[in-house]
Undergrad: 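Right, I'll just put the structure down here and ask away after.
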Amino acid sequence: MDKKVFQFPKDFIWGAATASYQIEGAWNEDEKGESIWDRFSHTPGMVQDGDTGDMACDHYHRWEDDLEMIKKLGLKAYRFSTAWPRVLPSGSGSVSEAGLEFYSRLVDGLLKLDIEPYVTLYHWDLPQKLQDKGGWPARETADAFVEYVDMITRVLGDRVKNWITLNEPWVSAFVGYRDGRHAPGHIDLHEALAASHHLLLAHGMAVPVIRSNSRDANVGITLNMSPQYPASSSVADRAAATWGDGYINRWFLDPLTGRGYPQDMVDSFGDEMTFVQPGDLESAAVPLDFIGVNYYTRNIARSEKVSEAENAPQTVFRSDEITEMDWEVFPEGLYKTLGRLYFDYDFPVIHITENGAAFNDQVGADGEVDDPARLSYIKRHLEQVHRAIEAGIPVKGYFAWSLMDNFEWGYGYSKRFGLVYVDYQTQQRIIKSSAKWYQRVIETNAVE
Ligand code: IFM
């Protein structure tokens with residue numbers, strides 16, 4: 001039987017993504033200021049095995065070789081983030097020329113190799129000095145963000161044409177300020193809600209600044225999304241799915257698209273939300289050129305409000321295929337998510353700014369890293385992307401997470417998401433078999 005070939009549109013953008021704290025290292029070099037992740041990872045007990053991003057992939061020093069590697073993989077686009085405390089060590093005020101030059105050289109290097117830069121302006125490394133003044137729960141942090149964005153887009157705006165204001169603000173707000181599993185490690189719902197609001201405000205205020213400093217730029221934001229599937233058809237499970245959707249998906253999607261905060265969630269949180277000021281929600285709903293979506297898995301919602309025995313029999317179960325993050329492999333959820341962004345929320349362009357999987361990769365006796373499970377994960381997700389495009393959904397780009405193994409936040413270096421293996425002792429990079437396969441996908445513009 002003939003193998004099915006999924007041919008992609010000719011201008012489809014094939015990329016891979018990283019983030020500053022996860023790869024750069026050089027945490028206190030040149031004039032770089034301390035970030036909340038430096039502080040958090042240096043606090044005993046916060047990160048698995050005491051790992052820190054002090055050295056990470058040493059990308060700050062090895063960036064030229066890394067760009068060569070990106071070129072070798074055939075990537076058309078590279079998504080990376082700029083570290084706010086590298087550019088403005090105290091978060092506002094004095095600027096680090098060394099920091100600006102680093103990113104300027106990186107952008108020039110990419111353009112020279114004909115690789116399109118996609119720059120994320122905030123991927124969780126808030127300057128610690130701003131956290132000391134209240135962090136994201138404080139409104140002033142949004143103003144400081146605009147100052148930082150103005151600075152960096154003035155310098156890079158002539159060459160960078162694709163900007164992402166924030167990466168996964170839900171994680172910044174709720175995992176950082178409600179669950180305490182991420183920096184700054186607070187456990188306070190009110191703080192998390194205020195943080196989410198100021199992140200939205202920061203985004204909304206930054207967009208026009210980016211547009212004025214970077215002519216003809218495409219500007220968007222990246223959200224993590226996870227479709228919710230009720231575990232049964234019971235009222236309780238369906239309500240749990242609606243709640244999960246409100247929490248993870250609608251809490252940011254609705255205000256970004258002019259619908260304001262979802263009332264069911266406002267009621268459920270029971271917070272006065274006094275931090276919302278007139279005009280804020282208009283500002284947050286600024287029109288965007290694209291939405292970035294990070295998709296990894298779905299959630300099966302099972303109500304804890306009634307006992308298992310009282311609830312209808314569960315009919316939806318997670319499959320046995322689980323990644324090292326304990327996330328179910330569920331490619332169809334990506335199709336569902338893309339459809340929703342277009343049909344329900346009407347975004348004109350969608351980029352998948354992250355998708356990928358952590359597996360326990362090993363270097364074989366031959367020095368190679370064979371990772372068939374990752375290859376299969378990416379392949380099946382790309383098939384869903386193709387399906388979405390066929391259905392008329394404007395998906396224009398796909399960025400694998402991640403270019404290389406890196407610091408996986410609270411899990412330290414224990415989870416490997418890379419297309420490229422990193423030996424953290426020697427900093428040697430080894431191209432995994434999934435990357436070789438992806439290289440072929442890019443070359444042929446098709447998934448086979
Ligand atoms: O590593 C992270 C990334 O920084 C943000 N999105 C999810 C990835 C995997 O957990």
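Both ligands and their constituent atoms are indexed starting at 1 by order of listing. In this chain, residues are counted from 1 in sequence order.
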Undergrad: Any donor-acceptor pair under 3.5 Å linking the side-chain atoms of H197 with those of Y261?
TA: yes
Undergrad: Short list, please: which atoms of ligand 1 are under 4.0 Å from a heavy atom of H123?
TA: 3 (C), 4 (O), 5 (C)
Undergrad: Go through ligand 1 atom by atom and flag the ones less than 4.0 Å from a non-hydrogen atom of E168.
TA: 5 (C), 6 (N), 7 (C)
Undergrad: So, H61 versus Q427: side-chain donor-acceptor pair below 3.5 Å or not?
TA: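 Side chains of H61 and Q427: no pair found under 3.5 Å.
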Undergrad: Under a plain distance cut-off of 3.5 Å, with no hydrogens placed, do Y345 and D254 share a side-chain donor-acceptor pair?
TA: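 Their side chains do contain a donor-acceptor pair, which is all the 3.5 Å distance test asks for.
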Undergrad: Does ligand 1 have any atom that is closer than 4.0 Å to a heavy atom of Y295?
TA: no
Undergrad: Report yes or no: does K415 have a heavy atom closer than 4.0 Å to ligand 1?
TA: no
Undergrad: Looking only at protein heavy atoms, identify the closest one to atom 10 (O) of ligand 1 and say how far it is in Å.
TA: E408 OE2, 2.6 Å
Undergrad: Just jot down the ligand 1 atoms closer than 4.0 angstrom to any heavy atom of W327, in number order.
TA: 10 (O)
Undergrad: Could you check, using the six-membered ring where one of them is a Trp, whether W37 and H182 have ring centers closer than 6.0 angstrom?
TA: yes
Undergrad: Once you measure the plane-to-plane angle for W170 and F174, does it fall in the parallel (<30°), tilted (30-60°) or perpendicular (>60°) bin?
TA: tilted
Undergrad: Between the side chains of S20 and D125, is a donor N or O closer than 3.5 angstrom to an acceptor N or O?
TA: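 Yes, side-chain donor-acceptor contact under 3.5 Å.
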Undergrad: Does N167, backbone or side chain, put an N or O under 3.5 Å from an N or O of ligand 1?
TA: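 For ligand 1, there is no N or O atom that lies under 3.5 Å from one belonging to N167.
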Undergrad: With heavy atoms of E354 as the reference, note each atom of ligand 1 found under 4.0 Å away.
TA: 3 (C), 5 (C), 6 (N), 7 (C), 8 (C)
Undergrad: Could you check which of Y296, F417, W124 puts a non-hydrogen atom nearest to atom 8 (C) of ligand 1?
TA: Y296
